[in-house]
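This chain uses plain numbering: 1 for the first residue, then up along the sequence. Whatever order the structure lists them in is the order used to number ligands and atoms, beginning at 1. Computed from a prediction, not measured in an experiment: that's the story for all the values here.
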Amino acid sequence: NADIAMYVAKELKAGAVVFQAEEHVTAPSRLTVLGDLRRALEGDGELFLNYQPKYTLDGERIEGLEALLRWKHPTQGLIPPGDFIPAAEGTGIILRLTERVLDLALAQMRCWMDAGHAVPVAVNLSTRCLLDAGLPDLVQRLLTEHRVPAELLRLEVTESAVMGDAARCMAVLQRLHDLGVKLSIDDFGTGYTSMAHLRRLPVDELKIDRSFVLGMTTTAHDAVLVRTAIDLGHNLGLTVVAEGVEGAEHVTALRELGCDIAQGYHYARPMAGEQMSELLERVGTIHDGTLPVA
Ligand code: C2E
Ligand code: MG
Ligand code: MG
Ligand code: MG
């Protein structure tokens with residue numbers, strides 16, 4: 001297939017990791033990625049987290065952070081999560097990857113707590129994880145191990161994740177919620193959550209996908225979607241976060257619409273843990289001195 005061959009050639013030239021969801025041509029490279037990922041999971045250092053702050057729109061103070069997975073491949077260099085998480089999601093590797101991410105995030109949170117910053121950190125969960133009945137126990141074990149209160153951990157799930165096998169996901173989400181962990185709907189607007197379904201989910205935060213935020217100051221259609229998402233979230237008693245906030249004009253527009261929290265390059269790019277420690281030292285968070293530091 002000439003088109004696909006061209007595509008693969010282009011990606012190879014660009015030095016990117018070649019694999020696609022399309023099974024046919026790319027199966028071997030996909031296997032390579034998975035093999036390398038297994039190896040990366042055995043050692044430590046190749047897989048690490050960056051953190052991006054979320055700011056309150058009134059006052060612009062840090063409300064929490066999102067942990068974003070990074071893979072520094074020994075020969076390919078830094079591989080973005082979009083280039084290996086989809087492959088891992090097709091296998092059980094995603095569960096081990098998620099365990100690693102939770103472990104890294106909670107260890108970092110403990111360090112920040114010891115430095116006086118009780119800062120909520122969000123970890124992204126894949127669909128596959130929500131189908132795993134063992135997830136709540138894993139989360140509880142890691143919280144205990146790292147002595148981090150459940151309230152400080154937030155888990156982001158996408159709408160599509162929750163729509164897949166609704167009953168099974170709901171049971172896992174409910175148990176996570178019962179632990180005291182906070183839940184967010186990520187990339188809101190890109191999936192197909194019905195309002196009735198959203199109302200029944202034990203979530204307390206809704207993150208509007210960055211594609212809508214990006215277009216809101218130039219495209220009437222996107223502006224309407226952002227406004228609708230904010231109103232829907234508020235009517236359901238949820239905190240509303242805008243992701244992908246890149247410009248001051250977005251901040252102004254989001255403030256006018258009553259959005260609660262913003263995250264994006266306008267404020268800060270994802271950064272290493274040490275850099276985040278410095279930022280926290282400098283500016284603190286809205287929770288400092290208010291949350292229990294065990
Ligand atoms: P996401 O959860 O929606 O994360 C936000 C993504 O948007 C991040 O990309 C972040 O770097 C990027 N971003 C933040 N602000 C801006 C902005 O102002 N403009 C633009 N253009 N982009 C911005 P990243 O780190 O490449 O992550 C991509 C996706 O990979 C995430 O989307 C999430 O779905 C997934 N992911 C990342 N880490 C993990 C993880 O540990 N586990 C799982 N299952 N998925 C993860
Ligand atoms: Mg996310
Ligand atoms: Mg998101
Ligand atoms: Mg997104």
Side-chain angles (χ1 to χ4, degrees), residues 16-17 37 40-41 46-55 64-72 78-108 120-132 135 138-139 142 153-162 164 182-191 193 203 205-217 226 229 233 239-251 254 261-273 275-276:
V17 185
L37 203 47
L41 274 165
E46 260 182 69
L47 294 164
F48 62 97
L49 299 178
N50 271 353
Y51 297 88
Q52 187 180 33
K54 294 156 68 186
Y55 283 75
L65 314 175
E66 178 172 4
L68 295 158
L69 183 58
R70 298 292 179 259
W71 181 12
K72 194 166 184 315
L78 203 60
I79 306 179
D83 285 356
F84 62 92
I85 285 175
E89 277 173 344
T91 76
I93 293 180
I94 191 64
L95 301 173
R96 291 174 56 203
L97 207 53
T98 303
E99 177 169 2
R100 174 65 59 87
V101 171
L102 284 166
D103 193 45
L104 288 169
L106 289 165
Q108 178 65 81
V121 175
V123 163
N124 292 281
L125 283 189
S126 295
T127 314
R128 174 78 177 243
C129 299
L130 287 184
L131 295 173
D132 178 14
L135 182 71
L138 170 70
V139 169
L142 291 170
L153 180 65
R154 184 176 282 286
L155 297 173
E156 298 190 0
V157 300
T158 61
E159 296 172 77
S160 51
V162 182
K182 299 272 188 293
L183 302 171
S184 306
I185 294 283
D186 202 357
D187 303 340
F188 184 76
T190 59
T193 317
V203 298
E205 187 183 86
L206 186 154
K207 300 185 77 176
I208 305 173
D209 190 65
R210 75 160 178 265
S211 56
F212 306 114
V213 176
L214 188 68
M216 73 177 291
T217 51
V226 170
T239 300
V240 180
V241 181
E243 61 175 32
V245 175
E246 295 188 359
E249 70 277 18
H250 297 120
V251 175
L254 288 163
I261 313 274
Q263 174 182 1
Y265 296 169
H266 172 74
Y267 294 96
R269 292 192 177 240
M271 62 186 89
Q275 265 177 292
M276 184 53 80

Counting backbone and side-chain atoms alike, does Asp187 have an N/O/S atom under 2.8 Å from the Mg ion (ligand 3)? yes

Mind checking salt bridge (charged side-chain N to carboxylate O under 4.0 Å, His left out) for Glu89 and listing every partner two or more places apart, or none if nothing turns up? none

Would you kindly say whether Gln275 and Asn50 are connected by a side-chain donor-acceptor distance under 3.5 Å? no

Tell me the nearest of Tyr267, Trp71, Tyr265 to atom 23 (C) of ligand 1, using heavy-atom distances. Tyr265

Option whose closest heavy atom lies nearest to atom 35 (C) of ligand 1, chosen from Val245, Thr158, Asn50, Ile85: Ile85

Looking only at distances, can you tell me whether any N or O atom of [X], backbone or side chain, sits closer than 3.5 Å to an N or O atom of ligand 1?
X      : result
Gln263 : no
Glu89  : no
Leu68  : no

Pro80 near ligand 1, heavy-atom distance under 4.0 Å? no

Shortest-distance N, O or S atom of Glu243 relative to the Mg ion (ligand 3): OE1

Atom name in Asp186, limited to N/O/S, at shortest distance from the Mg ion (ligand 3): OD1

Where the Mg ion (ligand 2) is the vertex, angle from Glu156 OE1 to Glu66 OE2 to 10°: 90°

